[in-house]
There are 2 protein chains.
Amino acid sequence: MKQKRNTLQRKTVFETVGELHGHPTANQVYLKAREKCPKISRGTVYRNLNVLSDDGRIKRIKVPGIVRYDSKLEPHYHFICTVCHNVSDVPIPYQFQLNDRLSKDTGFKVNLHRTVFEGICEKCRKE
Amino acid sequence: MKQKRNTLQRKTVFETVGELHGHPTANQVYLKAREKCPKISRGTVYRNLNVLSDDGRIKRIKVPGIVRYDSKLEPHYHFICTVCHNVSDVPIPYQFQLNDRLSKDTGFKVNLHRTVFEGICEKCRKE
DNA sequence: CTCTGTGCAAAAGATTTGCAAGGTG
DNA sequence: CACCTTGCAAATCTTTTGCACAGAG
């Protein structure tokens, strides 16, 4: 495995994902990171988001529309509001056994599954 | 609701999604549709995929990377191979009750959930 | 000193959109 | 004949990449 350096930019991107709560997009990380490191470029943010998620230091979550990042590493499910597009964590435990079950049923090597619920959040329902 | 016409292009896009099995991307639909309707444009294919899925005549499925379309309308889960990127249906029944459960637990209006398993398919494991 | 990482800008890929012309009901 | 739809091209948006230079170890 290639040696990884710990540059200011890398550190800033990593910290920024942790500070932005609602599962930020790459662009949101870029905008926020620029406050601390004004001349960081979009390319660098994208590159570091990739490096960090390849290394397992952050998670890449795929919800309809756009990729988002998450500093919470344990497997868990998400809910996305189709009105405000906010993403939140869901209080339903991760069904680890589904992966094994599907492996046995199909002969595939199943590593993980991602579940995203869709609907309207409480705040948007009231409006 | 706006009146919808049934043009040759619209019909072709709809039929093409049904004919292409493995959960085609917009571009795959475009390439195939052009065989029957040579001067159909990409824009028209995209517009019609949107119209058809808004009308519930096809489903839009979100797997990592790219949007795909599906002519099978009943809720079901998918598996994507991280090597060949093929998408297949999964023999695990849809957990309708999860939506209600999450609604009760959170106060959100939960309409649906999407689950995508990731791993390596049998064919790619052998290679 | 070596090699990874950065900034910038250009490129790539997917999807949407403005507009004038065409076709459906 | 109203107005939905199409083709085309340009525009958007997100993400990647080539290159020369900077900087970490």
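In what follows, every chain begins at residue 1, and chains take the letters A, B, ... in the order their sequences are listed. Since this is a predicted model, take the numbers as computed values, not measurements.
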Interatomic distance, I66(A) CD1 vs dT12(D) C1' [rounded to whole Å]:
13 Å
Side chain to side chain contact (heavy atoms under 4.5 Å, CB included) with N6(A): which residues, sequence neighbours excluded?
R10(A), K11(A)
Please state how far atom CZ in R68(A) lies from atom C1' in dT14(D), giving the value in whole angstrom units.
14 Å
What's the verdict on side chain to side chain contact (heavy atoms under 4.5 Å, CB included) for T16(B) and Y30(B), showing C-alpha distance, side-chain angles and the deciding distance?
CA-CA 9 Å; T16(B) 303; Y30(B) 167 64; over 6 Å; no
Looking for any heavy atom pair under 4.0 Å, which part of the strands does V51(A) touch: base, sugar-phosphate only, or nothing?
nothing
Taking only residues two or more places apart in sequence, or in another chain, which ones meet H76(A) in a ring-ring contact (aromatic ring centres under 6.0 Å, His included)?
H78(A)
Residues that Y94(B) engages under ring-ring contact (aromatic ring centres under 6.0 Å, His included), provided they are two or more places apart:
Y77(B), F96(B), H113(B)
Test: side chain to side chain donor-acceptor pair (under 3.5 Å). Region: residues 118-127 of chain B. Which pairs qualify, not counting sequence neighbours?
R114(A)-E118(B)
Which residue pairs satisfy the ring-ring contact (aromatic ring centres under 6.0 Å, His included) criterion with at least one member in residues 32-53 of chain A, sequence neighbours excluded?
none
Hey, which of these two, R60(B) or N48(A), hits DNA chain C nearer its 5' end, going by closest nucleotide?
N48(A)
Keeping to residues at least two apart or across chains, list the salt bridge (Lys or Arg N to Asp or Glu O under 4.0 Å) pairs with something in residues 20-48 of chain A.
E19(A)-K36(A), K32(A)-E35(A)
Please give, in whole Å, the distance from dG7(D) P to R42(B) CZ?
13 Å
Taken to the nearest whole Å, CG/L49(A) to P/dT14(D) is 14 Å
Please list, chain by chain and in numerical order, all residues satisfying side chain to side chain contact (heavy atoms under 4.5 Å, CB included) with Y69(B), sequence neighbours excluded.
V17(B), A26(B), L49(B), N50(B), S53(B), I58(B), R60(B), V67(B)
Per the end-axis method with five pairs at each terminus, what is the bend angle of the helix from dC1(C)-dG25(D) to dG25(C)-dC1(D), to 10°?
40°
Could you check whether any side-chain N or O of R68(B) sits under 3.5 Å from a backbone N or O of I61(B), counting only pairs where one atom can act as donor and the other as acceptor?
no
Per-nucleotide protein contact string for nucleotides 18-25 of chain D, where B marks a base within reach and S marks sugar-phosphate only (heavy atoms under 4.0 Å, - for neither)
B----BBS
What residue pairs, at least two apart or across chains, pass salt bridge (Lys or Arg N to Asp or Glu O under 4.0 Å) with a residue in residues 75-101 of chain A?
K72(A)-D89(A)
More 5' along DNA chain D: K39(B) or G43(A), using each one's nearest nucleotide?
K39(B)
Please list all pairs passing the salt bridge (Lys or Arg N to Asp or Glu O under 4.0 Å) test where one or both residues lie in residues 75-88 of chain B, with sequence neighbours left out.
none
Assign N27(A) to base, sugar-phosphate, or nothing according to its heavy-atom contacts below 4.0 angstrom with the strands shown.
nothing
Extract, from 5' to 3' on DNA chain C, the first and final nucleotides lying under 4.0 angstrom from some heavy atom of chain A.
dC3(C) to dC8(C)
